[in-house]
Amino acid sequence: METSGDLAVMTIITRKGSTPRLPGTRMLMTRDGRRFGTVGGGFCEADAVRAAEGCLASKKSCILRYSSVPGSILPSDIICGGSLEILVEYLPADPYHTRLIGDFVRLRSLRQTPVMIVPLPDGSESGRVRFFIDADGLARGIYPAIHHTQVLKAAREMKRPDVFQAGGMRFLIEPSPLKSRLVICGAGYIAAEIAPLAYHLGFEVSVLDDREDLLSADVYRGTERIPVTSYESCLQALPVDSATDVLIVTRSHAFDLQVLRQALRSPAGYIGMIGSRHKWKTLSSLLLEEGFGDDDLKRVHCPVGLEIGADSPEEIAVSIAAELIEHRALQ
């Protein structure tokens with residue numbers, strides 16, 4: 001907003017049946033016509049872009065409604081069989097919104113979970129603006145007379161953005177769960193393929209290794225590079241939480257085991273380790289002898305990645321990324 005000025009934000013707010021994208025999917029457009037993201041392409045997106053141009057010109061928000069169920073009047077190539085609503089929101093780059101978005105992003109960078117609330121247009125010239133509720137339940141910004149605790153409770157129960165009604169008004173509630181973080185232990189050839197792929201898929205990626213020359217490779221640009229002196233305690237200084245995925249791909253089975261012990265003692269939401277079934281059988285037996293339980297071992301994905309017949313480092317990276325996506329989608 002600080003560099004592009006006013007924005008038109010296109011967000012899918014409801015859907016029924018089969019549609020290309022899910023609620024919460026958004027697309028941005030600047031005044032000079034640049035676009036970021038997609039709401040599914042095709043007729044609906046093209047129509048939303050036209051509406052966004054009008055939104056920026058009029059400085060007014062609107063809601064678009066589409067249906068491809070029998071009896072609807074839409075182009076013949078819309079055959080998904082579902083319906084959806086797209087909010088086209090005018091987001092001015094004024095001091096209020098610039099500060100609001102800045103504060104929201106700052107809290108997200110601290111791995112907090114504020115909830116953004118967007119009043120939906122109802123045809124009136126009410127001048128209502130978006131605001132958010134922080135993790136402590138405090139409203140930030142200009143907000144209407146609604147029960148924040150009620151909204152916050154509803155948001156906590158939502159897995160995706162949804163429409164909520166309170167005080168005779170409709171709102172889009174956008175919860176912001178912790179962003180998935182991927183910690184890759186080992187900077188070898190598998191890490192070199194999975195790190196940029198995971199970054200492109202929206203993960204916060206950290207790569208750690210005791211070989212700084214590997215960490216300096218251009219392929220790790222955009223990731224957090226963490227040099228360590230030993231794998232024995234490499235995870236202890238990291239803020240591992242339930243939204244953290246730990247991928248173990250060091251250069252030796254002994255190092256893998258050192259990292260795995262730490263990962264199992266952490267709240268990590270996903271633990272994957274490179275290796276064969278024979279390797280996992282051997283290491284799991286050692287872990288049981290050390291006092292880890294069956295429930296601990298069930299947390300480990302080894303061999304890591306979905307079974308797609310992957311062989312090369314590039315293919316293995318794709319199989320691992322697919323498993324990470326699957327895990328994230330199920331949370």
Side-chain angles (χ1 to χ4, degrees), residues 11-12 15 17-28 36-42 45 80 82 84 108-109 111 113 158-162 174-208 219-224 235 238-249 256 259-260 263-264 266-275 277 280 298-331:
T11 307
I12 297 177
R15 76 150 190 173
S18 178
T19 58
R21 302 296 302 272
L22 296 173
T25 301
R26 68 174 60 85
M27 179 178 178
L28 307 181
F36 304 89
T38 175
V39 289
E45 181 167 308
C80 292
L84 72 158
R108 293 285 289 135
S109 70
R111 294 190 72 75
T113 56
M158 293 179 183
K159 292 186 177 180
R160 301 194 64 86
D162 202 354
E174 297 184 290
S176 55
L178 290 175
K179 187 174 182 179
S180 296
R181 175 196 287 132
L182 175 62
V183 177
I184 305 175
C185 304
Y189 60 91
I190 296 295
E193 297 296 337
I194 187 63
L197 180 55
Y199 178 79
H200 183 67
L201 292 169
F203 290 84
E204 293 180 355
V205 182
S206 300
V207 184
L208 57 86
V219 72
Y220 296 123
R221 186 179 304 159
T223 69
E224 180 186 20
L235 294 182
L238 297 180
V240 177
D241 53 34
S242 60
T244 301
D245 302 336
V246 177
L247 176 61
I248 305 170
V249 287
D256 286 350
V259 179
L260 182 56
L264 287 173
S266 78
Y270 170 96
I271 303 171
M273 183 174 67
I274 199 76
R277 289 180 174 82
W280 176 234
K298 289 177 183 178
R299 297 174 60 197
V300 182
H301 298 257
C302 183
V304 68
L306 297 185
E307 294 187 11
I308 59 173
D311 177 60
S312 68
E314 297 84 356
E315 292 174 342
I316 292 171
V318 170
S319 74
I320 294 173
E323 189 167 79
L324 290 170
I325 293 171
E326 181 182 53
H327 173 78
R328 181 171 64 180
L330 293 174
Q331 300 311 298

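Keep in mind that this is a model prediction, so the values were computed, not measured. Just so it is clear, the values below take in all heavy atoms, side chains as well, and ignore hydrogens, waters and symmetry mates.
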Where do [X] and [Y] come nearest, in terms of heavy atoms and distance?
{"X": "Cys185", "Y": "Val259", "value": "SG-CG1, 3.6 Å"}
{"X": "Ala243", "Y": "Leu178", "value": "CB-CB, 3.6 Å"}
{"X": "Ile271", "Y": "Ala263", "value": "CD1-O, 3.6 Å"}
{"X": "Val249", "Y": "Ala191", "value": "CG2-CB, 4.3 Å"}
{"X": "Met273", "Y": "Cys302", "value": "O-SG, 3.5 Å"}
{"X": "Leu235", "Y": "Val240", "value": "O-CG2, 4.4 Å"}

In Å and rounded to the nearest 0.5 Å, what is the [atom1] to [atom2] distance from [X] to [Y]?
{"X": "Glu314", "Y": "Ile190", "atom1": "CD", "atom2": "CD1", "result": "8.5 Å"}
{"X": "Leu260", "Y": "Leu264", "atom1": "CG", "atom2": "CG", "result": "4.5 Å"}
{"X": "Leu201", "Y": "Ile194", "atom1": "CG", "atom2": "CD1", "result": "7.5 Å"}
{"X": "Ile184", "Y": "Phe203", "atom1": "CD1", "atom2": "CZ", "result": "10.0 Å"}
{"X": "Tyr189", "Y": "Ser312", "atom1": "OH", "atom2": "OG", "result": "10.5 Å"}
{"X": "Leu84", "Y": "Arg21", "atom1": "CG", "atom2": "CZ", "result": "12.0 Å"}

Looking at [Y], is its backbone amide N or carbonyl O close enough to the side chain of [X] to form a donor-acceptor pair, meaning the two atoms are under 3.5 Å apart?
{"X": "Glu315", "Y": "Asp311", "answer": "yes"}
{"X": "Arg299", "Y": "Gly272", "answer": "no"}
{"X": "Tyr220", "Y": "Ser206", "answer": "no"}

Sub-4.5 Å side-chain heavy-atom contact between [X] and [Y]:
{"X": "Ile274", "Y": "Ile316", "value": "yes"}
{"X": "Leu22", "Y": "Ile12", "value": "no"}
{"X": "Thr11", "Y": "Glu174", "value": "yes"}
{"X": "Tyr270", "Y": "Val246", "value": "no"}
{"X": "Ile320", "Y": "Leu306", "value": "no"}
{"X": "Leu247", "Y": "Val183", "value": "no"}

Check this for me: does any side-chain nitrogen of one of Glu323 and Arg328 sit under 4.0 Å from a carboxylate oxygen of the other?
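The answer is no: the pair does not qualify as a salt bridge.
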
Whether Glu204 and Arg111 form a salt bridge (side-chain N of Lys/Arg under 4.0 Å from carboxylate O of Asp/Glu) is what I want to check.
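A salt bridge links Arg111 with Glu204.
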
Can a donor-acceptor pair be found between the side chains of Glu307 and Ser319 at a distance below 3.5 Å?
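Checked: Glu307/Ser319 side chains show no N/O donor-acceptor pair below 3.5 Å.
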
Between Thr244 and Arg181: side-chain donor-acceptor atoms closer than 3.5 Å
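Result is yes, a qualifying pair exists.
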
Relative to the ring of His327, is the ring of His301 parallel (under 30°), tilted (30 to 60°) or perpendicular (over 60°)?
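Ring orientation, 0 to 90° scale: perpendicular.
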
What do the steps show when you test Glu224 against Val205 for side chain to side chain contact (heavy atoms under 4.5 Å, CB included), and what is the final call?
CA-CA 6 Å; Glu224 180 186 20; Val205 182; over 6 Å; no

